[in-house]
Structure formats: C-alpha cells, structure tokens
2 protein chains.
Amino acid sequence: MEPSAPSRRVTIVDVARHAQVSTTAVSKVLRNAYGASPEMRAKVRRAIDELGYRPHAGARGLRGQTYTIGVMLPDIRNPFFPEILDGITGSLEDTEYQVFLGPGGNGEKAEARVTEAMIDRRMDGIIMIAPVSPRTHLEQVASSVPTVVVGRHGSSPVYDTVVDDDVEGASLIVDHLAGLGHRRIAHIEHRETDPTRRAEMPNARRADGYRQAMRALGLAESIDVVSTSYTQEGGYKGAKELLARPRLPTAVFAGADIVAMGVLEAVAEAGLSVPGDISVAGYDNTTFAALGPISLTSVDQAGHEIGRNAARLLLERIADRRRPSVQVRLSPTLVPRRTTARPPE
Amino acid sequence: MEPSAPSRRVTIVDVARHAQVSTTAVSKVLRNAYGASPEMRAKVRRAIDELGYRPHAGARGLRGQTYTIGVMLPDIRNPFFPEILDGITGSLEDTEYQVFLGPGGNGEKAEARVTEAMIDRRMDGIIMIAPVSPRTHLEQVASSVPTVVVGRHGSSPVYDTVVDDDVEGASLIVDHLAGLGHRRIAHIEHRETDPTRRAEMPNARRADGYRQAMRALGLAESIDVVSTSYTQEGGYKGAKELLARPRLPTAVFAGADIVAMGVLEAVAEAGLSVPGDISVAGYDNTTFAALGPISLTSVDQAGHEIGRNAARLLLERIADRRRPSVQVRLSPTLVPRRTTARPPE
DNA sequence: CACCCTTTGGGAAACGTTACCCACAGCCCG
DNA sequence: CGGGCTGTGGGTAACGTTTCCCAAAGGGTG
C-alpha cells in the first residue's frame, strides 16, 4: 500500500466514457433527475459500480448541492445531545445526505466560526442545537442557508424551531414533589440577564415554569430561586446557599442534572440524607442520572424525537426554501427515581 | 431579513476588481503564497475586508486544499472523547483548518460511510478515534488522505498513531490495589476474538496488562478474568459471575468506568459494601467517575495531550505526505478515589 | 553594456460537476 | 399528412478557485 498514492480519482467523465454515454446522462442518473430511460440508468449504474466511482462533493456544490448537513453542537460533553444526534442521523441515513458535526465550543465566537465554516462549505442545511448566539446571528445564518434551531424558544420567519416544553417539564417536577407532600420546594437556575435570552433560553423557561407551577399549587409564598450556573459547581454553591436558610427547603429542583450533582455533594457535606431529609431532582435525564448509585429523579426530553423532527423540517426546507417557518414543540416526561420521596414529618 | 436571500456571494473576482488586481494576485494573498509584494497584500486584504469576502471551500478543494479536517468519532456518548477533541480543536484554532466530526456509529459499516464521505469531500486530513474497522480499511483510507489513528496499538507505514499505554494503565490499577493489600484482584474485560484486534484494541491491551502486572507481583495464581462487554450490563453480569466464586475477590478492576458502574450495582444488590467488602476500580476517568456520590478510582488517559499530538502529526503529514510514519505513546495516570481501600481483614 | 537572475504581476487552463437549452425521434390528433 | 406534444439524449457554459506558465521591470555581475 502506497503512502497516499497519487492515483487520479475516477471522475464522471471516466464513467461516461466507460458507459458510452454523455456526462450529462451520468449526472442525471446520479441525481435521479428526469430525462433518463431505465436502460440508460442501468447501464450507467453498472459503469459506476465497475469503476468504483464516487462523486466529488465539492465539485457538485459548485453548481448544485453538497449533500452535506451541518449540526452545530455547543458542547459535546452535554450528555443530552447524543440522543438528538441519533434522531438526526437516523432520519438521514437512508438519504444521500451526510451529517457533520461542528464543535461550537460554547461561546458566541466559536459558534460564529463554525456556522461560517459551514456556509463556506456550502452545506445544504444547518441544524443549530441550543445555540447561545444572539437571535440576529441565527437569522443571519438562516438567511443564507436553510436552518433549524433546536432548543430555543421564540420563533422567527426565517428558521424553523424544535423545542421541548421546558415550562411543562418544570411543572412535572414541581407537581411530582408537591404530590409527595413537599411545600418548600426551591429551584436553582442558570443566571440569565439578557432580556431576549430570558425569553428564549431553556434554562430561563424552566425557572418560569417553576414559578408558574408553584403559584398554580397555591405555593407562591414558598417560591425560592437561587441563581447560579448550570454546572456542578453552580449546584454546589446554590445548595450551600439554600442550606443556610432559616427554614430549610424540603426539596430542591435543580435546573439540570449536572447541577443536581453539585447539590447532592453539598447536601452530603451538610450531613443530611437524600431523600430522607431533602429530595433532589434534576433535568435532562442524562446517562449518569440513571446510574445505580445516583438514581436521580429527572425530566426526560424526547431527544430522539427532537432530532427526528429537526431533520425532517430541514429536509422540507431544503426542498422548498420559501415555505413558511414551522415551530415544533414536544412534551417532556417525568422519570421518578430514588432521590425524591415524601418530606420528613 | 429575507428567507434565504438569493443574493450572489462575493467571489474572488469581485475582490480582484475592487482592488484593481488580478484574481491570481488575490489567490496568492489568500494562500500566503510567493509572488506578492507587501503593498499588494495590504491592498488585497483591505478589499477582502471591505467586501466581506470569504473563500468558497469547495471550489478551493477542486484545485488545492479544502482546509477541512475530519474527525471520526465512533461514539459520542463516550465521555472520554471530548477531552481528545478539545486537544485537537485547541491545536487547530489558530490555523485556517476547520474541524468537523463524523459520527461513526460504532460499527464497521458506519465508519466506512463516514470516512468515504470525508474523502468525497476532499478533506485535507482525517483523524480516526478508536476505530473498530479492520486494519485494511484504515490503510485504505490512509492511502488516499493523510490519516492519524488514535487509540489503536500497532503501527502501519501509511498512518501515524497516538495511543495511551493501556498496559501501563492496567498496572497502575493492579499495583495500587496490591499496594493496599489486595491479592485476589479480578478483572472484567471486553471479549475480543479476532486476533489482530486482540493485538490492537485497547481493551485487549488492558487485559494483557492486568495479567502481566499480576504475574510481576507474584500473583499469577490469583489471575481471574471474566469476559463480557464494555457496557454497564457487561459489568453487572461480570460481577454477578465473580460474586458466585467460592472465594470472593477482594477487588475488581473493570476495564472501563461504565463497566464499573454495573459492578457497583451488582455489589450493592449482593448486600456488600464498597470499598468495605470489595474495592472497585474503573478506567478512563470519565466525568461521572468524579461525581461525588460515585467517586470511582480510575485511570486517566491524557486526553488533551492525545488530541494535541494527533493534530500535530496530522498537520505534519499534510505538509509532507511521504515522511515516515510516527507512533506516539503517552502514559496514563492513576486517579485514586473512594471506591478502593484496604481489603477486609 | 550585455546578460542573467529575481521579483512582481497576470492570463488562461484546469479541477469535476450540474443547469440550461437544443435536437431528434416517435406518436397522437384533428 | 402537418403540427405539436413527450420522451430521450447530449453539447456547452457556467460554478470559484488554484496552478502553471509567461512577461516585464529592476538590479547585480562580468
């Protein structure tokens, strides 16, 4: 085996010559386009197989499509994304489209770099998962390539959206805890100051959902929200703060599983037991929430469904770029585990 | 904002006209190529900025490079990969290269699809992380594009490799346990039958390392290996089997953290305590190993370093495709936590 | 001062594919 | 039997960039 053999690749011209037809004809077969008889198709396909021809995606992109879909992923570590991704790739595996992931790096600048790179490569469509970029940037991207935004509330005429109902998810937790008898239910949120992001980011919607659900249960006075960040450390600090309250909460609803991990740590340090003294719930139903030693009550977003819908919407929009924008909202489900129980007497 | 405005993009021709030079000149500036005076460069760069020009990667690829690096990731869920990825993207963020991830889907077929797609898109180089494909396929890929293989032992003249020393990692654990006083140390491995994979796959190397280390300590008779798979269930089943032994092991070295999770579950079910009755160690130092309630002793592979090296080797090979292949081997470190302690008296 | 080399710049032909349009044959219909 | 469809196939000009080459100008050298 040669180190990187310089052998010329088989091109459409070679296929055409071998099949004794024009390159136009081969191109038509490749794209399943109109204007080729069944016999012609058969002949061309045979030539393709015999020569082992594969089209050059870049060259195709010069005139037509690249058959490439870009998925912007802000943070690969987030154990919730793989589900979405499976949904996307699953929907696309029977098509000609190939999915590539762009590491977003969790910042506006990194996100911009990736989306620009995708546009430079003329990807046919882009799926942005839980982007942190301002809406104007999303719209700018969407104005030059078909785009679906996942996990941002708020709609735009230029891109489609798929979200899980975070308000509903927050209620699921609050109702579950209240159903067990809890009244002093506290919440740890990810601090959000920017007004449009308060309206669009899932973390803010979860906090809103918490407040709404508490009020609906007549527990308005027990509303207690600590603002930190969606990290383990944020959970730890938030819990420390809650544990310093004159009257301790009997349950903590952390806005994300990873936050709940910090809470569990702080609670253990304080010498309290879970769920004996305090119940803890997270959000996202991440892999580790299910692990035996943790067994964290959480909310499952239908990740697979989210991905499937995003892929579907994107294909539709690639097919018809001027169809009106669509918003899909899915419902989460509660996954009760061993970190929540009746409050102490 | 128009839905997907049809506005023509700025091309190199526009830039040339605006700067009153030839397209050749602009191209030279873009590539930092020889044959452009400083004044010329300045003039062209200004025009580029004024027009907001961005080169079309596909068109570039037709003649030259695409400035795109593909990273094949077999399983996004593996919490060890993000570290490697950070190392890669970190090394590349000051270059013109853009990284895209191809979801490998943990199977030969899926891996082949992704690598072919990368080649079809004329990516300048490919990094394959822990591929499961047979070596012939790796060499085939490497023969058409510069390639670095991460996490496969065994070298090839056509691709570079970066591995962490799994034999050494296994010793770290065995020595650690023996140092605490354990003698009956069992191991749960991922079953591997194919002979070349036994030599190349990390899981097989870990099992070998375990045996070697046991023999080196004079514990050859206590060698006890159970073959299941690197999954939580595999750990659970493996542990069940070990717990049915007439003389229980006092420590279990699971070949991966996720396996250790299954072990912890089985041990808890058996009414035994960790590390009181039995010590448990994993491998990979995944995120959840560090979580408070778990606190699993593990082995840390220098993921970041692995990624940095892979990126460096790839750039070198892109620059000189016929330089001899290089193998980099890094050393892991032990991360002792609360699941390992002295054996019961 | 003739010659050659170096520096700077540009013209034009690739690169591999698709879009656009035209030609031709066969057929149906009035 | 003429006119207009429909189905089939191909010629050719894009698409946006880089590479290969050549030309001209300037400067050093014998």
Side-chain angles (χ1 to χ4, degrees), chain A residues 6-45 47-48 51-68 96 117 119-124 144 318, chain B residues 6-45 47-48 51-68 96 117 119-124 144 318:
Chain A
S7 64
R8 210 177 52 82
R9 245 177 98 105
V10 177
T11 74
I12 201 173
V13 179
D14 301 317
V15 176
R17 193 178 322 127
H18 191 254
Q20 314 224 48
V21 298
S22 68
T23 58
T24 302
V26 179
S27 176
K28 282 176 183 171
V29 174
L30 285 175
R31 293 172 292 121
N32 287 314
Y34 177 84
S37 64
E39 303 83 58
M40 159 117 274
R41 291 187 190 281
K43 193 164 55 171
V44 170
R45 277 198 234 284
I48 288 176
L51 298 180
Y53 165 73
R54 298 192 52 101
H56 182 316
R60 300 182 95 169
L62 228 40
R63 295 287 295 188
Q65 303 185 238
T66 56
Y67 300 94
T68 309
E96 290 226 56
I119 293 172
D120 292 345
R121 282 155 188 79
R122 296 290 191 284
M123 295 197 173
D124 296 331
S144 70
I318 288 172
Chain B
S7 65
R8 210 177 52 82
R9 246 177 99 102
V10 178
T11 75
I12 201 173
V13 179
D14 301 317
V15 175
R17 193 178 320 129
H18 191 253
Q20 315 224 46
V21 297
S22 69
T23 58
T24 304
V26 179
S27 175
K28 283 177 182 168
V29 174
L30 285 175
R31 292 173 295 121
N32 288 314
Y34 176 84
S37 62
E39 304 83 57
M40 160 114 272
R41 290 187 191 284
K43 194 163 55 169
V44 170
R45 277 200 234 284
I48 289 176
L51 297 181
Y53 167 74
R54 296 191 58 98
H56 181 315
R60 298 183 96 169
L62 227 40
R63 295 286 298 192
Q65 303 185 239
T66 56
Y67 300 94
T68 308
E96 290 225 58
I119 293 172
D120 292 345
R121 282 155 187 80
R122 294 293 190 284
M123 295 196 173
D124 296 330
S144 68
I318 288 173

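Numbers restart at 1 for each chain; the letters A, B, ... are given by sequence-line order, proteins then strands. Quick caveat: nothing in here was measured; it's all calculated off a predicted structure.
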Colleague: Taking all non-hydrogen atoms of both residues, which atom of B:V44 and which atom of B:A19 are closest, and how far apart?
Modeller: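 Of all heavy-atom pairs spanning B:V44 and B:A19, the closest is CA-CB, 4.4 Å.
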
Colleague: Identify, between A:A36 and A:T23, the residue whose nearest nucleotide on DNA chain D lies closer to the 5' end.
Modeller: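 Residue closer to the 5' terminus by nearest nucleotide: A:A36.
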
Colleague: How far apart are the closest heavy atoms of A:V10 and A:L51, and which atoms are they?
Modeller: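 Nearest heavy atoms, A:V10 then A:L51: CG2-O, 3.6 Å.
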
Colleague: Hey, which of these two, B:Q20 or A:Y67, hits DNA chain C nearer its 5' end, going by closest nucleotide?
Modeller: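 Of the two residues, B:Q20 wins.
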
Colleague: Counting heavy atoms from C-beta on, name the nucleotide in D:dT18, C:dT18, C:dG10 closest to the side chain of B:S27.
Modeller: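 Taking heavy atoms from C-beta onward, the closest nucleotide is D:dT18.
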
Colleague: Just the rounded figure in Å: distance from C1' of D:dG10 to NZ of A:K43.
Modeller: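 The answer, rounded to whole Å, is 12 Å.
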
Colleague: Once you round it to whole Å, what is the distance between C1' of C:dT8 and CD of B:E39?
Modeller: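 Interatomic distance, CD of B:E39 to C1' of C:dT8: 10 Å.
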
Colleague: Just checking A:V26: base, sugar-phosphate only, or nothing, at a heavy-atom cut-off of under 4.0 Å?
Modeller: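 Touches nothing.
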
Colleague: Quick check: closest heavy atoms across A:Y53 and A:I12, and the distance to 0.1 Å?
Modeller: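 Of all heavy-atom pairs spanning A:Y53 and A:I12, the closest is CE1-N, 3.5 Å.
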
Colleague: Looking only at heavy atoms, what is the nearest atom pair of A:G61 and A:T66, with distance?
Modeller: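 Closest approach of A:G61 to A:T66: CA-CG2, 3.6 Å.
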
Colleague: Quickly work out the B:L62 CG to D:dT17 P distance and round it to whole Å.
Modeller: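 So the CG-P distance, B:L62 to D:dT17, works out to 11 Å.
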
Colleague: Expressed in angstrom and rounded to an integer, what is the separation of B:L51 atom CG from D:dG16 atom C1'?
Modeller: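 After rounding, the gap between these two atoms is 15 Å.
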
Colleague: Please check if the side chain of A:D124 supplies one atom and the backbone of A:Y67 the other of a donor-acceptor pair under 3.5 Å.
Modeller: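 The answer is yes, because a donor-acceptor pair under 3.5 Å joins these two groups.
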
Colleague: Any side-chain to backbone donor/acceptor pair from B:R9 onto B:R54? Under 3.5 Å, distance only.
Modeller: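 Yes; at least one donor-acceptor contact below 3.5 Å.
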
Colleague: Is there, by distance only and without an angle test, a donor paired with an acceptor across the side chain of A:T24 and the base of D:dG11 below 3.5 Å?
Modeller: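 In this structure, the two groups form a donor-acceptor pair.
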
Colleague: Measure from the side chain of A:S37, starting at C-beta and using heavy atoms only, and say which of C:dT18, D:dG9, D:dG16 lies closest.
Modeller: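 Nearest to the side chain of A:S37 among the choices is D:dG9.
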
Colleague: Rounded to the nearest angstrom, tell me the gap between atom CG in B:N32 and atom P in C:dT8.
Modeller: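 Spelled out: CG on B:N32 to P on C:dT8 is 15 Å.
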
Colleague: Using the C1' atoms of the five pairs at each end, what is the angle between the end axes of the helix from C:dC1-D:dG30 to C:dG30-D:dC1, to 10°?
Modeller: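 Result, rounded to 10 degrees: 40°.
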
Colleague: Heavy atoms from C-beta onward define the side chain here; which of D:dG11, C:dG11, C:dT18 lies closest to that of A:S22?
Modeller: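 In terms of side-chain proximity for A:S22, the closest of D:dG11, C:dG11, C:dT18 is D:dG11.
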
Colleague: Could you give the CZ-to-C1' distance, from B:R63 to C:dC15, as a whole number of Å?
Modeller: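 Answer to the nearest Å: 6 Å.
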
Colleague: Strictly by modelled atom types, are B:R41 and B:S37 linked by a side-chain donor-acceptor pair under 3.5 Å?
Modeller: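 B:S37 and B:R41 do not have a side-chain donor-acceptor pair below 3.5 Å.
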
Colleague: Do we see a donor-acceptor contact under 3.5 Å between the side chains of A:R121 and B:T68?
Modeller: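 Yes, side-chain donor-acceptor contact under 3.5 Å.
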
Colleague: What is the minimum heavy-atom distance between A:M40 and A:A25, and which atoms define it?
Modeller: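 Answer, listing the atom of A:M40 first, then A:A25: SD-CB, 3.6 Å.
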
Colleague: Whole-Å distance between D:dG9 C1' and A:R31 CZ?
Modeller: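 Going from CZ in A:R31 over to C1' in D:dG9 covers 14 Å.
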
Colleague: Return a single string for nucleotides 21-28 of chain C, one symbol per nucleotide in 5' to 3' order, where B is base contact, S is sugar-phosphate-only contact and - is none, cutoff 4.0 angstrom on heavy atoms.
Modeller: --------

Colleague: Kindly say if A:Y53 contacts the phosphate of C:dT17, meaning a side-chain N or O under 4.0 Å from OP1 or OP2.
Modeller: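 Answer is yes, contact under 4.0 Å.
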
Colleague: Select one nucleotide: of C:dG10, D:dG16, D:dG10, the one nearest the side-chain heavy atoms of A:V21.
Modeller: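 Side chain of A:V21 sits closest to D:dG10.
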
Colleague: Could you state the atom-to-atom distance from NE2 of B:H56 to P of D:dC15 in whole Å?
Modeller: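 So the two atoms are 11 Å apart, to the nearest Å.
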
Colleague: Minimum heavy-atom separation for B:S144 to B:I119, with atom names?
Modeller: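 Nearest heavy atoms, B:S144 then B:I119: OG-CD1, 3.4 Å.
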
Colleague: Can you tell which of C:dT18, C:dG9, D:dG10 lies closest to the side chain of B:M40?
Modeller: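 The answer is C:dG9, which lies nearest to the side chain.
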
